[in-house]
Amino acid sequence: MRIEDKLYLIGYNIDEEESHLGVSDPEECKKCLGRPCTHICPAGVYSYDDEEGKLSINYDACVECGTCRIVCSYITWRYPRGGFGVQYKFG
Amino acid sequence: MRKNDFDVIIVGAGPAGLAAGYVLAKEGISVAIIERGIFPGSKNVMGGIFYRSSLDDLIPDFYKEAPIERHIVEQKIWLLSGDSMFSTGIKSEKYNAEPYNCFSIFRAKFDKWFAKKVADASAMIINETVVKDLILDGDRVIGVKTDRPNGDLYCDVVIAADGVNSFLTKSLGLRKKITTNNVALALKEIIELPDKVINDRFGVSGSSEGVTIEITGPYFDKMRAIGFVYTNRNSLSLGLGVVTEDMVKLKINPNDLLEEFKSHPAIKPLINGGETKEYMAHLIPEGGYYSMPKLYSNGFMVVGDAAMLVNSIHREGANLAIESGKFAARTYIEARKIGDFSQKTLSSYQKKLEESFVLRDLKTYKNLPKLLEEKQYLISKYPKFIIDAMYEMYNVDKVSKSEKIKLIMNRAKKELGYFNILKDVFSVWRDFR
């Protein structure tokens with residue numbers, strides 16, 4: 001099963017106004033070797049656009065595990081605002 | 001003088017926070033539990049096995065009314081290689097008798113139920129609210145800043161039950177940055193199947209009887225990983241936990257790994273025809289005893305995953321969380337009697353944990369994370385040897401059994417080395433004695 005299809009199964013209350021994820025220094029992404037955030041995120045939130053030379057962050061798929069902030073100190077990570085974000089049916 | 005909004009504010013409505021809230025509310029103490037989800041449990045994830053005894057102390061026979069899936073009657077351990085599986089485990093009628101040892105549960109349902117009990121005991125549960133920061137008076141915690149307008153709340157003591165990512169513990173400097181070595185990234189799917197199919201496949205006679213399978217071995221080569229399959233009433237919880245450092249090092253895409261795992265010849269028949277209903281991910285504190293933060297400060301205590309209280313070998317976490325929540329609550333009750341919430345008084349929280357099975361168990365395994373970091377092969381090489389030897393003994397090819405034993409012993413000598421085996425046995429013995 002593709003990750004895209006699995007993300008469909010998760011309930012989210014998406015915060016349309018603001019992202020809770022970001023990068024403190026986008027220049028560092030250009031230099032980064034391996035870009036662990038792009039393969040380690042279990043929700044595939046991060047991808048690197050080679051043409052634009054920048055990290056794209058699909059924050060509304062985030063399952064709030066916190067793995068990205070542990071593998072990269074340039075990722076700015078906070079919890080979504082109260083009531084927003086992932087909502088599991090089973091958990 | 002500023003008036004407190006509550007005597008105690010608990011951040012996070014997981015098992016640790018709810019247990020603390022329950023004990024306090026029952027004593028008539030005014031307590032608020034602040035939860036960032038839309039309801040308690042909506043963001044909570046675990047493998048899915050919940051041990052009874054710690055919660056039973058608080059709510060006797062809770063399992064008769066709580067939303068549980070199955071009580072577990074058989075626990076298996078599988079050693080997996082690419083094409084084989086060696087199985088061992090325990091099934092007992094004693095596990096099939098009340099009060100049960102453990103259950104499979106869904107956290108989104110279970111925590112919601114537990115929170116209702118805590119609210120009925122008169123704790124206030126404040127949902128959809130993020131605690132942004134602690135409010136300090138000098139070095140003493142006196143409240144929390146929330147993301148609500150005019151959302152500052154004051155109290156005697158804050159209990160941080162804010163999970164593995166605990167920003168509050170970090171903001172006080174009680175813990176260092178979590179490293180990729182201290183946490184495992186765990187993934188899980190809920191795979192729906194009719195209960196009768198599950199009963200047949202897992203060999204149980206009723207839809208309330210459950211089975212757990214923990215999976216390790218050479219299949220997870222170069223990874224410190226555990227796989228699991230647990231039976232729920234009409235579904236399976238299937239997942240993997242891998243030490244994050246190993247996932248980064250091997251450049252693994254977690255979902256690819258999970259999909260590959262699901263296609264293994266020993267796993268596939270279990271889930272065949274099932275439909276995935278939910279996918280989730282969570283970090284599990286795997287660092288053990290040495291990764292624990294300082295557990296208290298002036299006006300502050302840390303419980304549950306925030307305190308890294310997980311015994312990953314025995315798959316225990318929620319019960320340790322509940323135990324720690326109880327101890328923190330009792331420590332507050334003692335401190336209140338003398339009106340002193342300084343860290344000197346609150347240090348008895350740590351003492352209570354040390355004297356209980358919680359830290360005794362974590363101490364028993366305190367060297368394990370380091371041992372596996374240095375000797376990952378213990379969970380791949382030896383299980384591989386067992387699988388190969390078993391295969392050899394049962395494979396009838398006209399080679400005599402004595403010849404086969406000789407071959408196996410030769411392979412032990414060549415592949416493992418008698419001296420290396422002795423060294424490994426010694427190092428494991430030394431770490432656990």
Side-chain angles (χ1 to χ4, degrees), chain A residues 1-15 17-21 24 32-48 58 61-91, chain B residues 34-39 41-46 48 105-111 126-132 146-148 163-165 167 177-180 182-183 185-190 232 235 237 244-245 247-248 251-256 258-259 262 276-283:
Chain A
M1 229 176 141
R2 298 183 316 150
I3 185 66
E4 292 81 355
D5 299 327
K6 289 187 186 180
L7 296 177
Y8 260 115
L9 304 171
I10 306 175
Y12 292 101
N13 184 14
I14 295 166
D15 187 344
E17 283 167 41
E18 55 178 86
S19 167
H20 64 290
L21 307 174
S24 61
C32 180
L33 288 174
R35 297 192 188 95
C37 66
T38 61
H39 74 79
I40 198 87
C41 171
V45 163
Y46 301 91
S47 56
Y48 191 76
N58 185 20
C62 175
V63 293
E64 298 158 38
C65 65
T67 308
C68 56
R69 61 176 272 270
I70 288 162
V71 304
C72 174
S73 52
Y74 293 101
I75 284 172
T76 56
W77 195 95
R78 57 194 165 82
Y79 290 125
R81 289 189 291 160
F84 289 101
V86 73
Q87 274 173 31
Y88 290 121
K89 283 190 299 286
F90 299 101
Chain B
I34 303 177
E35 163 59 38
R36 63 193 186 87
I38 202 157
F39 62 83
S42 64
K43 289 178 185 287
N44 299 350
V45 176
M46 73 176 189
I105 61 163
F106 295 127
R107 290 288 299 277
K109 295 176 179 175
F110 191 87
D111 291 14
I126 306 172
N127 291 320
E128 299 188 57
T129 304
V130 175
V131 168
K132 311 279 280 181
T146 74
D147 67 348
R148 300 241 178 173
V164 60
N165 285 301
F167 290 102
K177 189 179 173 348
I178 304 176
T179 64
T180 51
N182 283 337
V183 284
L185 173 54
L187 307 156
K188 181 170 105 168
E189 278 184 39
I190 305 297
N232 306 310
S235 65
S237 293
T244 311
E245 183 181 64
M247 268 213 197
V248 172
K251 290 196 188 341
I252 285 167
N253 176 304
N255 189 51
D256 293 348
L258 186 62
E259 285 302 305
K262 281 161 66 184
T276 298
K277 288 288 173 185
E278 190 160 59
Y279 166 80
M280 61 207 89
H282 197 71
L283 287 181

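All values derive from a computational prediction rather than experimental measurement. Throughout, a chain's letter reflects where its sequence line sits, starting with A, and its residues are numbered from 1.
Heavy-atom pairs under 4.5 Å with chain A were tallied for Lys262(B), Met247(B), His282(B); the largest tally goes to Met247(B). Among the candidates Lys188(B), Met46(B), Glu189(B), the residue making the largest number of heavy-atom pairs closer than 4.5 Å to chain A is Glu189(B). In terms of heavy-atom pairs under 4.5 Å with chain A, the best-connected choice from Val45(B), Ile105(B), Leu283(B), Val130(B) is Leu283(B). Your options are Asp147(B), Asn182(B), Leu187(B), and the one with the most heavy-atom pairs under 4.5 Å with chain A is Asp147(B). Here Lys277(B) is the residue among Lys109(B), Lys277(B), Arg148(B) with the most heavy-atom pairs under 4.5 Å with chain A. In terms of heavy-atom pairs under 4.5 Å with chain A, the best-connected choice from Ala108(B), Ser235(B), Gly37(B) is Ala108(B).
When atom types are taken as modelled, the side chain of Glu278(B) and the backbone of Lys89(A) share a donor-acceptor pair closer than 3.5 angstrom.
Side-chain contact between Met280(B) and Cys65(A) is absent, with no heavy atoms from C-beta onward closer than 4.5 Å. Taking 4.5 Å as the limit, some side-chain heavy atom of Tyr79(A) sits within range of a side-chain heavy atom of Asn165(B). The side-chain heavy atoms of Lys6(A) and Leu258(B), taken from C-beta on, include a pair separated by under 4.5 Å. Contact of the Val86(A) side chain with the Lys43(B) side chain is registered, since non-hydrogen atoms from C-beta on lie closer than 4.5 Å. Between Ile3(A) and Tyr279(B), the closest side-chain pair of non-hydrogen atoms falls below 4.5 Å. Using a 4.5 Å cut-off on side-chain heavy atoms (C-beta onward), Tyr88(A) and Asn44(B) make no contact.
In this structure, the portion of Val183(B) lying under 4.5 Å from any heavy atom of chain A is its side chain and not its backbone. Phe84(A) touches chain B through its backbone: at least one of N, CA, C or O sits under 4.5 Å from a heavy atom, while the side chain does not. Of the two parts of Thr129(B), only the backbone, made up of N, CA, C and O, holds a non-hydrogen atom closer than 4.5 Å to a non-hydrogen atom of chain A. Looking at Pro42(A), the atoms closer than 4.5 Å to chain B (heavy atoms on both sides) sit in the backbone and in the side chain alike. At a 4.5 Å heavy-atom cutoff, the contact between Ile190(B) and chain A is made by side-chain atoms alone. Proximity to chain A (any heavy atom under 4.5 Å) is shown, for Ile178(B), by both the backbone and the side chain. If you measure heavy-atom distances from Phe39(B) to chain A, the contacts under 4.5 Å come from the side chain alone. Only the backbone of Thr179(B) has a heavy atom closer than 4.5 Å to any heavy atom of chain A.
Taking CD1 of Ile252(B) as the reference point, atom CD1 of Ile40(A) lies at 8.0 Å (rounded to 0.5 Å).
Taking a 6.0 Å sphere around CD of Glu4(A), one finds it holds more than 12 heavy atoms contributed by other residues, nucleotides or ligands.
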